[in-house]
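In the text below, chain A, chain B and the rest are named by the order of the sequence lines, each starting its count at 1. The structure presented is a predicted model; accordingly, all values stated were derived computationally and were not measured. We use all heavy atoms of the structure for the numbers below, so side chains are in, but hydrogens, waters and symmetry mates are not.
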2 protein chains.
Amino acid sequence: MPSPSKREQIVDEALRLFYRHGFNATGVDKIIASAGVSKKTLYSHFRSKDELILATLRKRDEMFRNKMMRETERRAAAPRDRLLALFDFLGDWFNEDGFSGCMFINAAAEFSAQDNPSHMVAAEHKRLVVDYIREQAQLAGARDPAALAHQINLLMEGAIVYAHVIGDRQAATRARDMAEVFVRQQLDG
Amino acid sequence: MPSPSKREQIVDEALRLFYRHGFNATGVDKIIASAGVSKKTLYSHFRSKDELILATLRKRDEMFRNKMMRETERRAAAPRDRLLALFDFLGDWFNEDGFSGCMFINAAAEFSAQDNPSHMVAAEHKRLVVDYIREQAQLAGARDPAALAHQINLLMEGAIVYAHVIGDRQAATRARDMAEVFVRQQLDG
DNA sequence: TCTCAAGTAGACAGACCTGTACACCTTGAG
DNA sequence: CTCAAGGTGTACAGGTCTGTCTACTTGAGA
């Protein structure tokens, strides 16, 4: 049975390279060289490059949402404050070294067809993020948690695009200020 | 001297293919086959594929902003209404056949480095869109036209991501409703 | 110590990539 | 009619891509 740790090495390195350089621009040869494994090992874990891409997207989804939840909950205890703390998390992310936008937006860009498996994983990721926001909105006592979650998520997506395409460093705080309006709308008065 | 109409044929076809399938995934051979020109003709107009990509992005920028302005101004006469009509334009665009997101977000995704020439054209496009919104905000009498323009544009970017990645058909109206809040904030009371 | 599974290194097939070169055709101006 | 410029079609060089294959090495358990 192939070793799980080798598999992890491959996925971790593929994640880094796909995120930095894109999916089509990153060859299998570069992945195995960086991961320090042979081509045969890679193909014993994954039937094809496409399957490896799917595996990296699933891992990224898990890692990203875990970090988002952890960081958001570390910053604020009350659900209402957490809705805004999401944007502080974004701000830190934007200023990380090697920030290259949202990997799922990038995947949707390269795999444009909605029925492409990678595109579908990206869409699922976005839905799961909205789910988390909706939970917090519900805990905070929002009148329409689903609507508020979509509003907040839409602002987050906008901020990500701003930060990556234009390189706007204020994107996160700008979006946070906007989000505050909708949070107040649903939780005050 | 190479014929300008041939050049236009090449750029038009490259635009269609790059938008639908992505930049790296579209080979020069496919472009010349679709455009009905020989390889030599393409390379007499463009020194390299990269240069062709830049030319298509510049044309897309021109076409997109012209259409955006035309459609927005057709829908509403008053600058204030135009700020919201932008989202009606987006809604129509999202429902067009072959909608594949924003070509400049896609370009930034494939050419992730901020100093990549294609990425820089994408950033410039976004800045020019903001400029137009700011003009309208100013005409409408906004207290802080630049801030309002950024708010509206951030909502537009969010809507585009929603529409493309998740395939949300309501993205444009959702964003429009959100924009109304900020327009009111600056133009009423 | 023997065995066998998992791994490495690397050649290879076959396709596709960008960009160049060569031979030929077409067309309009002098 | 001549001829030069722009164009076509296609072969080609040199490289990269994915995915398969062979031959060899390593290490742990019976």
Side-chain angles (χ1 to χ4, degrees), chain A residues 1-58 106-107 109-113 116-119 121, chain B residues 1-58 106-107 109-113 116-119 121:
Chain A
M1 186 186 297
S3 143
S5 78
K6 288 283 171 186
R7 186 192 156 96
E8 208 166 353
Q9 268 179 57
I10 295 166
V11 172
D12 286 350
E13 206 53 40
L15 192 46
R16 198 180 64 80
L17 292 169
F18 285 150
Y19 180 58
R20 174 160 309 197
H21 303 293
F23 299 94
N24 281 313
T26 302
V28 170
D29 283 339
K30 271 173 198 146
I31 294 169
I32 61 171
S34 287
V37 301
S38 69
K39 208 178 253 196
K40 196 182 176 189
T41 302
L42 187 148
Y43 279 102
S44 76
H45 283 284
F46 307 97
R47 264 199 293 244
S48 65
K49 184 185 175 185
D50 285 343
E51 207 173 84
L52 172 60
I53 290 174
L54 287 174
T56 64
L57 287 174
R58 291 204 192 89
N106 297 352
E110 286 204 54
F111 309 111
S112 202
N116 178 292
S118 294
H119 192 120
V121 171
Chain B
M1 186 184 299
S3 144
S5 78
K6 289 281 172 190
R7 185 192 157 96
E8 208 166 352
Q9 270 177 56
I10 295 166
V11 172
D12 286 349
E13 205 53 40
L15 191 45
R16 198 179 63 79
L17 292 170
F18 285 150
Y19 181 57
R20 174 160 309 197
H21 304 292
F23 299 94
N24 281 313
T26 302
V28 169
D29 283 338
K30 271 174 198 147
I31 294 168
I32 61 171
S34 287
V37 301
S38 68
K39 208 177 254 196
K40 193 182 178 187
T41 302
L42 188 149
Y43 279 102
S44 77
H45 283 284
F46 307 97
R47 264 197 293 240
S48 65
K49 184 186 174 182
D50 284 344
E51 208 173 81
L52 172 58
I53 289 173
L54 288 175
T56 64
L57 287 174
R58 290 202 193 91
N106 298 350
E110 286 205 54
F111 309 112
S112 202
N116 178 292
S118 294
H119 193 121
V121 171

Under the salt bridge (Lys or Arg N to Asp or Glu O under 4.0 Å) rule, collect the residues that match up with A:D50, sequence neighbours excluded.
-> none
Euclidean distance, atom NZ of residue B:K49 to atom C1' of C:dC16 [Å, nearest integer] = 11 Å
For the pair made of CG in B:L42 and P in C:dC17, what is the distance, rounded to whole Å?
-> 14 Å
Check: protein-nucleotides 20-23 of chain D nitrogen or oxygen pairs below 3.5 Å:
none

In whole angstrom, give the distance that lies between atom NZ of A:K6 and atom P of D:dG27.
-> 11 Å
Taking only heavy atoms on the protein side, list every residue of residues 12-38 of chain B lying under 4.0 Å from any atom of DNA chain D, sorted numerically.
-> B:G36, B:V37, B:S38
From CD1 (A:I10) to OH (A:Y43), nearest 0.5 Å | 11.0 Å
Carefully, step by step, assess B:S34 and B:R16 under the rule side-chain contact (heavy atoms from CB on, under 4.5 Å).
-> CA-CA 10 Å; B:S34 287; B:R16 198 179 63 79; 4.1 Å; yes
Hey, is the side chain of A:T41 poking within less than 4.0 Å of OP1 or OP2 on C:dT8, counting only N and O atoms?
-> yes
To the nearest angstrom, how far is B:H45 atom NE2 from C:dT18 atom P?
-> 18 Å
Residues 20-39 of chain B vs salt bridge (Lys or Arg N to Asp or Glu O under 4.0 Å), sequence neighbours excluded, gives B:D29-B:K39
Atom CD1 of A:I53 to atom P of D:dC17: distance rounded to whole Å?
-> 13 Å
Side chain to side chain contact (heavy atoms under 4.5 Å, CB included) partner of A:I31, the single match among A:L15, A:V37, A:T56, A:L17 = A:L17
Can you list the residues that meet the salt bridge (Lys or Arg N to Asp or Glu O under 4.0 Å) rule with A:R58, with sequence neighbours excluded?
-> none
Which residues satisfy the ring pair (Phe, Tyr, Trp, His ring centres under 6.0 Å) test with B:H119, sequence neighbours excluded?
-> A:H164
Taking all atoms of both residues into account, what is the closest heavy-atom pair of B:S44 and B:T41, and its distance?
-> OG-O, 2.8 Å
